[in-house]
Amino acid sequence: MAQDPRTGVGDVPTKASAAAALYAALPVYFDDDFFSVTIENGSDVAIVWLVPITSAEADFVRVKGWQAFEQALAAQDPDLVDIDRAGLDL
């Protein structure tokens with residue numbers, strides 16, 4: 001999977017769904033304490049959730065930025081665990 005570190009979007013090599021990329025997001029279904037963990041050397045490590053997104057959503061993130069995509073997610077409240085979900089209305 002090739003990932004763009006600026007957007008958190010990477011390609012998904014699959015033909016089983018409409019998902020064409022993965023979006024790295026905070027694990028919003030868990031408590032805030034789950035967002036990061038401190039490992040043995042004292043470094044904080046972010047816990048990210050890889051959300052399958054459509055090619056149109058990936059393009060939106062690349063052009064408009066992750067903040068705009070997060071706003072669209074909050075406004076439309078899709079079922080992010082449904083790999084066959086329809087894309088957002090962008």
Side-chain angles (χ1 to χ4, degrees):
M1 176 176 79
Q3 181 173 352
D4 183 338
R6 296 165 297 160
T7 61
V9 174
D11 299 330
V12 177
T14 182
K15 295 180 182 181
S17 76
L22 294 172
Y23 176 74
L26 293 175
V28 296
Y29 291 143
F30 296 99
D31 293 334
D32 289 352
D33 293 339
F34 193 79
F35 289 175
S36 68
V37 63
T38 304
I39 59 175
E40 291 176 1
N41 70 3
S43 298
D44 289 327
V45 177
I47 305 296
V48 295
W49 177 22
L50 297 178
V51 178
I53 60 174
T54 66
S55 58
E57 292 168 339
D59 290 342
F60 182 86
V61 173
R62 287 184 186 105
V63 172
K64 300 287 187 175
W66 66 268
Q67 296 96 337
F69 185 64
E70 293 279 342
Q71 289 174 349
L73 287 173
Q76 297 180 41
D77 194 26
D79 182 2
L80 297 178
V81 297
D82 180 3
I83 197 162
D84 294 319
R85 71 173 176 81
L88 295 177
D89 183 19
L90 303 169

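Start at 1 with the first residue, then count along the sequence. The model shown is predicted, which means the values in this text are computed figures rather than measured ones.
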Which value, rounded to the nearest 0.5 Å, describes the distance between D59 atom CG and F69 atom CZ?
11.5 Å
Please indicate whether D89 has more than 12 foreign heavy atoms, meaning atoms of other residues, nucleotides or ligands, lying under 6.0 Å from its CG.
no
Between the side chains of R85 and E57, is the shortest nitrogen-to-carboxylate-oxygen separation below 4.0 Å, so that they form an ion pair?
yes
Straight-line distance of I53 CD1 to L80 CG, nearest 0.5 Å
10.5 Å
For a quick test of reading the model, state the closest non-hydrogen atom pair linking A21 to A58 and the distance between them.
CB-CB, 3.9 Å
If two hydrophobic side chains count as joined below 4.5 Å and joins carry through other members, does V48 share a cluster with Y23?
no
Side chains of V81 and W49, heavy atoms from C-beta outward: is any pair under 4.5 Å?
yes
Closest heavy-atom contact between L90 and A72?
CD2-CB, 3.8 Å
From I39 CD1 over to N41 CG, what is the distance, rounded to the nearest 0.5 angstrom?
4.0 Å
Between V51 and A25, what is the shortest heavy-atom contact and its length?
CG2-CB, 4.3 Å
Evaluate S36 against D44 for side chain to side chain donor-acceptor pair (under 3.5 Å), listing each step before the verdict.
CA-CA 6 Å; S36 68; D44 289 327; 5.2 Å; no
